[in-house]
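All residue numbers in this chain count up from 1 along the given sequence.
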Amino acid sequence: MCGIVGYVGLREAAPLIVAGLARLEYRGYDSAGIAVDNAGTLDIRRSVGKLSGLTNVLASAPVHGHMGIGHTRWATHGDVTEQNAHPHRDASGRVVVIQNGIVENYLELKQVLIAAGHQFGSQTDTEVIAHLLGNHYRACGSLVEALRQTAAMLHGGNAIVALTIDQPGTLVATRIGHAGGVVIGVGDDEMFVASDVPAIVDHTRRVIFLEDGDIAEITATTVQISRPDGSVVARAVQALAWDPVSIERGPYKHFMLKEIHEQPRVLTDVLRGRIDLEAGTVRLDDVTLDDAALRDVSSLVLTACGTAWHAALIGKYMIEQIARVPVQVDYASEFRYREPVLDNRMLLVAITQSGETADTLAAMELARSAGVATMAIVNAVGSQATRVATAGSLMLHAGPEIGVASTKAFTAMLVGLYLLALRVAQARGVLTPATMRPHIRALMALSSQVGELLNDGTDYTALAESLQHASSALFLGRQMCYPVALEGALKLKEISYIHAEGYPAGEMKHGPIALIDDRLPVVCIAPQDASYAKMVSNVSQVNARGGRVIAIASQGDTQLAAQSEAVIYIPTSTPLLTTILAVIPLQLLAYATAVRRGADVDQPRNLAKSVTVE
């Protein structure tokens with residue numbers, strides 16, 4: 001959720017940087033800071049809270065100079081304090097860094113640095129980057145080379161921008177993985193660098209988007225981009241249209257595609273301020289139920305509509321398996337009509353992207369009137385659901401989702417539900433810090449794994465060619481992959497207008513098998529989990545009836561590949577988090593098919609983003 005802005009040129013840097021950060025406020029943050037090279041002196045100002053706090057600090061203690069970097073932080077590692085706010089210095093105090101993302105191996109790197117005599121003034125992973133960068137810079141004398149060496153040591157998706165007062169007039173930046181974007185704005189005798197286009201469009205619409213692994217050396221008049229092996233590459237300068245919608249879309253043809261590709265960053269943002277690997281704990285500050293209240297909860301009710309309901313189905317597996325608390329899942333549109341049996345030891349969790357879904361709000365009101373505590377997992381800040389919830393809200397911080405078919409909000413919901421499961425397990429003593437850490441590590445790795453999926457070279461256009469003329473499609477999965485099948489089918493029908501049905505694979509012989517012939521694409525979600533052998537059997541049964549199998553399989557699965565018309569591989573993770581990895585190819589498949597059919601991807605017919613009436 002963090003915002004990055006940098007400037008080098010002829011103008012005063014601070015006002016431009018602060019204005020750019022203001023354009024990124026929609027991303028959410030809890031502190032802000034700026035560093036400016038003032039003729040060889042590094043001036044840093046930081047504050048907790050809104051950007052207005054930093055503005056007040058700068059009013060009383062101005063900074064001057066023509067090169068600087070600024071940052072708005074949403075806490076990941078460490079509390080919300082001025083010491084943890086960016087930018088962060090190296091040991092010499094002459095190199096300064098800002099960062100988006102999570103350094104998955106920061107603890108190991110920090111321990112090595114401490115053993116070498118380094119002292120840290122913050123709890124952040126970003127300060128580890130600063131110390132590493134400073135070490136390499138003092139050894140090689142080149143900041144861009146030092147960044148290359150530092151980046152090679154980091155695990156996880158990150159966007160990094162840095163400067164040193166020893167190299168006046170030069171910024172360096174890199175994009176590692178997909179958790180943080182980097183865009184360079186090309187001006188006249190000035191350059192900008194930012195985490196998103198809105199921060200710089202007031203000054204230029206000529207931009208360069210860094211790709212995974214790119215390392216940029218930026219001066220007021222030049223940009224040189226190189227790869228991890230040191231080879232120099234050319235990245236095209238793109239001209240953004242003056243149309244505000246086109247500007248917001250950046251290099252993507254549709255908002256849906258942009259939002260699919262934002263998921264590595266979003267999954268990192270959901271974790272910010274909520275996980276502590278060192279302590280082995282999870283905290284949900286905006287959820288007001290304390291440990292005693294969570295221990296007293298007898299069961300949870302997850303209620304939602306559409307895509308959010310699919311998230312709830314997966315959330316049931318997460319909470320029951322991790323926290324060992326019974327969970328029931330209800331369509332919000334049916335909940336209030338079935339006269340549910342409620343008691344005051346239940347916790348109702350409403351899941352909604354917009355926070356304004358009429359049926360979901362009605363379910364919350366019904367529960368509240370029965371004395372049941374209610375909380376919301378919601379993306380829209382200040383929405384009605386956050387005001388109705390009596391036990392607080394778990395905000396997703398996914399940012400605006402413009403495409404009607406939900407993508408990044410769905411995967412954010414799943415991470416939010418996983419965090420809730422961990423928090424309940426922690427409160428009830430089901431997980432200790434030692435047993436919590438593997439869960440946290442798996443969550444931290446998720447962003448990079450999704451980035452790998454988005455960059456794995458799968459030809460979804462070719463797959464779409466085989467789907468575009470189908471009149472129907474069947475999606476099959478078992479256990480927690482059954483809701484993934486439901487979500488994959490929903491995405492396809494929403495935006496391509498092909499009828500699609502998600503089904504538990506074990507039920508295939510109880511009806512859907514009658515539909516299978518050589519005209520029916522069957523998408524089988526079959527990672528190598530406890531149900532893998534059963535799914536392979538289902539695939540064999542589809543093949544025996546001439547069905548066309550598209551398999552979602554674990555990396556390296558040759559057995560399933562041999563039985564499928566096409567296979568899409570996903571990285572290996574824990575079974576519960578595999579659901580998130582498995583849904584990414586289904587989003588891309590639906591998108592490519594809709595484009596191939598000439599459908600309106602972002603605004604499919606008859607659908608609305610927020611359903612505020614029954």
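- Going from atom OG1 of T407 over to atom CD1 of I584 covers 8.0 Å, rounded to the nearest 0.5 Å.
- Counted by atom type alone, S393 and T386 present zero donor-acceptor pairs between their side chains at under 3.5 Å.
- Using a 4.0 Å cut-off between charged nitrogen and carboxylate oxygen, E465 and R596 count as a salt-bridge pair.
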- Would you check, one step at a time, whether the test side chain to side chain contact (heavy atoms under 4.5 Å, CB included) holds for L154 with I160? CA-CA 11 Å; L154 307 179; I160 301 167; 3.7 Å; yes

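- Between T390 and A373, the closest heavy-atom pair is OG1-CA, 3.6 Å.
- Using a 4.5 Å heavy-atom cutoff, the side chains of T411 and V583 are in contact.
- Remark: the S496 side chain and the K491 side chain contain no N/O donor-acceptor pair separated by less than 3.5 Å.
- R548 pairs by the salt bridge (charged side-chain N to carboxylate O under 4.0 Å, His left out) definition with E565, not counting sequence neighbours.
- In this structure, R283 contributes its side chain and I275 its backbone to no donor-acceptor pair below 3.5 Å.
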- Task: Kindly determine whether S540 and Q563 satisfy side-chain hydrogen bond (donor to acceptor under 3.5 Å, both in side chains), including the steps that lead there.
- Result: CA-CA 7 Å; S540 297; Q563 299 185 56; 2.9 Å; yes

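- Of the possible donor and acceptor atoms, none in the side chain of D518 sits under 3.5 Å from a partner among the backbone N and O of G547.
- For H261 and Y252, the ring centers are positioned less than 6.0 Å apart.
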Hey, can you pull the donor-acceptor pairs under 3.5 Å for the side chains in residues 500-509, sequence neighbours left out?
none

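- With hydrogens and angles ignored, the 3.5 Å screen pairs a side-chain donor or acceptor of Q263 with a backbone N or O of I260.
- No salt bridge links R428 with D291; every basic N to acidic carboxylate O contact stays at or beyond 4.0 Å.
- Closest non-hydrogen pair, P527 versus I570, comes out as CB-CD1, 4.5 Å.
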- Task: Please test N105 against V103 for side chain to side chain contact (heavy atoms under 4.5 Å, CB included), starting from the C-alpha separation and ending with a verdict.
- Result: CA-CA 6 Å; N105 60 331; V103 180; 3.4 Å; yes

- Item | Stepwise side chain to side chain contact (heavy atoms under 4.5 Å, CB included) test for L446 and L581 | CA-CA 8 Å; L446 196 58; L581 299 171; 4.0 Å; yes

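- Using modelled atom types and a 3.5 Å distance limit, the side chains of Q468 and T593 yield no donor-acceptor pair.
- Pairs of residues two or more places apart, or lying in two chains, that qualify as ring pair (Phe, Tyr, Trp, His ring centres under 6.0 Å) and include a residue from residues 422-450 are Y418-H439.
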- Message: Quick one, L474 with V523, criterion side chain to side chain contact (heavy atoms under 4.5 Å, CB included). Give me CA distance, side-chain angles, the key distance, then yes/no.
- Response: CA-CA 6 Å; L474 181 63; V523 180; over 6 Å; no

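- For the pair E278 and L107, the minimum side-chain heavy-atom distance is below 4.5 Å.
- For the pair S447 and R265, the minimum side-chain heavy-atom distance is 4.5 Å or more.
- For the pair L302/V327, a side-chain contact is recorded, criterion being any heavy-atom separation below 4.5 Å from C-beta on.
- Heavy atoms only, all atoms of each residue included: V601 and A594 are closest at CG2-CB, 4.0 Å.
- Remark: D330 engages R338 in a salt bridge, criterion side-chain N to carboxylate O under 4.0 Å.
- Contact check on D343 versus R345 returns no salt bridge, with no Lys/Arg side-chain nitrogen under 4.0 Å from an Asp/Glu carboxylate oxygen.
- Put simply, the side chain of E259 gets close to the backbone of I402: a donor and an acceptor are under 3.5 Å apart.
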- Message: What verdict does the salt bridge (Lys or Arg N to Asp or Glu O under 4.0 Å) test give for E320 and K316, after you've listed the backbone C-alpha separation in whole Å, the side-chain angles of each residue and the deciding distance to 0.1 Å?
- Response: CA-CA 6 Å; E320 290 191 341; K316 174 181 172 70; 3.1 Å; yes

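- Here D212 does not pair with R175 in a salt bridge; the nearest charged N to carboxylate O distance is not below 4.0 Å.
- Side chain of D602 to backbone of H254: no donor-acceptor contact under 3.5 angstrom is found.
- Under 4.0 Å is where a charged nitrogen must lie from a carboxylate oxygen, and between R437 and D276 no such pair does.
- Between the CD1 atom in I580 and the CG atom in L453 there is a gap of 11.5 Å [rounded to 0.5 Å].
- Counting non-hydrogen atoms of other residues, nucleotides and ligands closer than 6.0 Å to CZ of R519 gives a total of 12 or fewer.
- Here the side chains of V270 and L419 are in contact, with some heavy-atom distance below 4.5 Å.
- Separating the SG atom in C524 from the CD atom in Q541 is a distance of 10.0 Å, to the nearest 0.5 Å.
- Neither side chain, Q328 nor S299, offers a donor N or O lying under 3.5 Å from an acceptor on the other.
- Listed for the R545 side chain is no donor-acceptor partner under 3.5 Å among the backbone atoms of I513.
- Of the possible polar contacts, none joining the T360 side chain to the E356 backbone as a donor-acceptor pair under 3.5 Å is found.
- A donor atom on one side chain and an acceptor atom on the other are not found under 3.5 Å apart for D359 and Y331.
- Annotation: the span from L271 atom CG to L277 atom CG amounts to 11.5 Å, rounded to 0.5 Å.
- The two residues A590 and I495 come nearest to each other via the heavy atoms O-CD1, 3.5 Å.
- Taking the six-membered ring for Trp and the full ring otherwise, the centers of H155 and Y106 sit at least 6.0 Å from each other.
- Using modelled atom types, no side-chain atom of Y532 and backbone atom of A526 make a donor-acceptor pair closer than 3.5 Å.
- Salt bridge absent: E487 and K493 never bring a charged side-chain N and a carboxylate O closer than 4.0 Å.
- P340 approaches L366 most closely through the heavy-atom pair CG-CD2, 4.0 Å.
- Although no hydrogens or angles enter the test, the distance criterion places no donor-acceptor pair under 3.5 Å between the side chain of T458 and the main chain of Y460.
- The OG1 atom of T578 lies 10.5 Å from the CD atom of Q528; values are rounded to the nearest 0.5 Å.
- A distance of 9.5 Å separates CG of L267 from CG of L443, quoted to the nearest 0.5 Å.
- K534 and D529 are not joined by a salt bridge, as no carboxylate oxygen comes within less than 4.0 angstrom of a charged side-chain nitrogen.
- Remark: side-chain polar atoms of E401 are paired, donor with acceptor, to backbone N or O of K408 under 3.5 angstrom.
- Under the 4.5 Å side-chain criterion, counting only non-hydrogen atoms from C-beta, L300 is in contact with L420.
- A side-chain donor-acceptor contact under 3.5 Å links T435 and T432.
- Between the side chains of Q353 and S406, not a single donor N or O lies within less than 3.5 Å of an accepting N or O.
- Residues E452 and P571 are in side-chain contact: their nearest non-hydrogen atoms beyond the backbone lie under 4.5 Å apart.
- Side-chain contact between R73 and D30: present, with at least one pair of heavy atoms (C-beta onward) separated by less than 4.5 Å.
- Looking at every heavy atom in both residues, L463 comes nearest to S466 through O-OG, 2.7 Å.
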